[in-house]
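Take a look at the structure set out below.
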Amino acid sequence: MKPAPLEYLAAATAEEALAALARFDGNARLLAGGQSLVPLLSMRLLRPTAVIDINGIRGLDRIAAGDGVVRIGALARYSALQASAVIRERVPLLAKAVPFVGDRQIRNRGTLGGALCHADPAGEMALCAVTLVARLRIVGRAGRRELDAEAFFQGPYTTALEPTEMLEAVEFPDGAGAEAVVVEHARRHGDFAVVSVAATGLPAPDGSWRWIRIGLGAVADRARYARRASEGLAGTRLQPADVEAAAARCLEDAEPAADVRASAEYRRHLLPILVERALGELARRRR
Amino acid sequence: MSARVTVALRVNGRAYERVVESRRLLVDFLRHELQLHGTHVGCEQGVCGACTVLLDGEPVKSCLMLAPQAHGHSITTVEGLAGRGELHAVQQAFRDAHALQCGYCTPGFLLAAVALADHGVALEGAALREELAGNLCRCTGYQNIVEAIERYLRQAAGGRRDG
């Protein structure tokens, strides 16, 4: 339970980190919060030649709103997201999801960018990114590119990031005025989700909802945006019949796997229940 | 850049410098390089919280950091709590409430509690238990730990008001 020998490099700038990634030719790992990476090193599930510590890169943790988006630096820690009024007011779904992540110590170190690059299918950050169609800003030596969250995640622990690229920031749509709910079933609080559901939307004065988005966690090889279920709710008042129909539709997007935490069957059983719970709570926010 | 690096940091207010293997975990650095054995190694995968220390005042799990990451930072371990032969208030509260049995998890709980008091957090009951979810205890059933920390946090808040 100790990491294999490795080289350690502290990068002071993104350019330094990228140069080091290139030098190790895909055999280096970026180290942000380390809350997933370090256990993987200790268990020797990963044996990179080098780790490149990006914690010293200034400004990589900045949270700023403008131009209809909230831009969050990849190095923003969970505890910073929790403390941020900008996140609470403009990306309420993220604010609701963070308390489900790990525990206080983990949240003091873990980062948004690290969680997204780790791409755990049960991860709450990936769930939020996919649900809100976040844009991921990626930088490589050849320049910058952007990807939608759905294109970024390619499978369990697999992303579109090249080994010589790094995630720089994530842009969430400015959701000022939106309501958001995250419900999760886990065996213990703070443990990995068996199933998680994110729901968010903008309530209109007449009681109808728009911009409804439902995200599903831990029921496929990556977080899923439940497109059909979400679109079916546009303009509704989230009445019980609407909610029930949406919950049934969410099952179309689920391809759950069996693992140590639950069987696939159990996940299928839980999913519509949690979707109904999430949408029910969203509807109650308005009354 | 090398498989060995110099780590210079402050632990409990004292400056240390050591050259260590890059792969050295912070908890092992504290125990094996600095001979500070109060920080315990539990699960080594960030679950149990026995290795909790304060990094620049914030509780973190020292099995989830490489020692070189602590370069230039300030660490507080359980050895930094008691002063001049007197128990720290949180230690006294644990003693008074009989909040430890085997004691293995205790240093982690103490530091988690100190961080709460330092942040002016005065929680109790379920909210406090949730805040302490990163520290596991296999002996006590938590009742007395929660009681001790409630008592300590109340006392710390009272001290701030009086001060």
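Both backbone and side-chain heavy atoms feed into the values below; hydrogens, waters and symmetry mates do not. Naming: A, B, ... by sequence-line order, numbering from 1 per chain.
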*asked:* More than 12 heavy atoms of other residues, nucleotides or ligands under 6.0 Å from CZ of B:R23: yes or no?
replied: yes
*Looking at A:V219, A:V197, A:V275, A:V194, which one forms a side-chain contact (heavy atoms from CB on, under 4.5 Å) with A:L270?*
A:V194
_Student check: side-chain heavy atoms of A:L75 and A:L112 closer than 4.5 Å_ = no
*Write out, in numerical order, the residues from residues 33-58 of chain B with a heavy atom short of 4.5 Å from a heavy atom in chain A.*
B:C43, B:E44, B:Q45, B:G46, B:T52, B:L55, B:E58
*Taking every heavy-atom pair that is under 4.5 Å apart, which of B:R24, B:E130, B:E131 has the most such pairs with chain A?*
B:E131
*Pair A:D191 + A:R261: basic N to acidic O under 4.0 Å*: no
*Would you say A:F100 has more than 12 foreign heavy atoms packed within less than 6.0 Å of its CZ?*
yes
_Flag for A:N27-A:R47: side-chain donor and acceptor within less than 3.5 Å_ = no
*Would A:K2 and B:D28 pass as an ion pair if we require N to O under 4.0 Å?*
yes
*Salt-bridge test for A:R277 and A:E281: reply yes if a basic N is under 4.0 Å from a carboxylate O, no otherwise.*
no
*Among A:G56, A:P3, A:A4, single out the residue with the greatest number of heavy-atom pairs under 4.5 Å to chain B.*
A:P3
_Using a strict threshold of under 4.0 Å (side-chain N to carboxylate O), is an ion pair present between A:D259 and A:R267?_
yes
*Go through B:Q69, B:M65, B:E21 and name the one with the most non-hydrogen pairs under 4.5 angstrom from chain A.*
B:Q69
_CZ (B:R95) with more than 12 external heavy atoms under 6.0 Å_ = no
*Test item: side-chain donor near acceptor, B:Q101 and B:N144, under 3.5 Å*: no
_Using heavy-atom distances under 4.5 Å, tell me whether A:L31 contacts chain B through its side chain, its backbone, both, or neither._
side chain
*asked:* Quick check on the structure: residues of residues 72-91 of chain B within a heavy-atom distance below 4.5 Å of chain A, by number.
replied: none
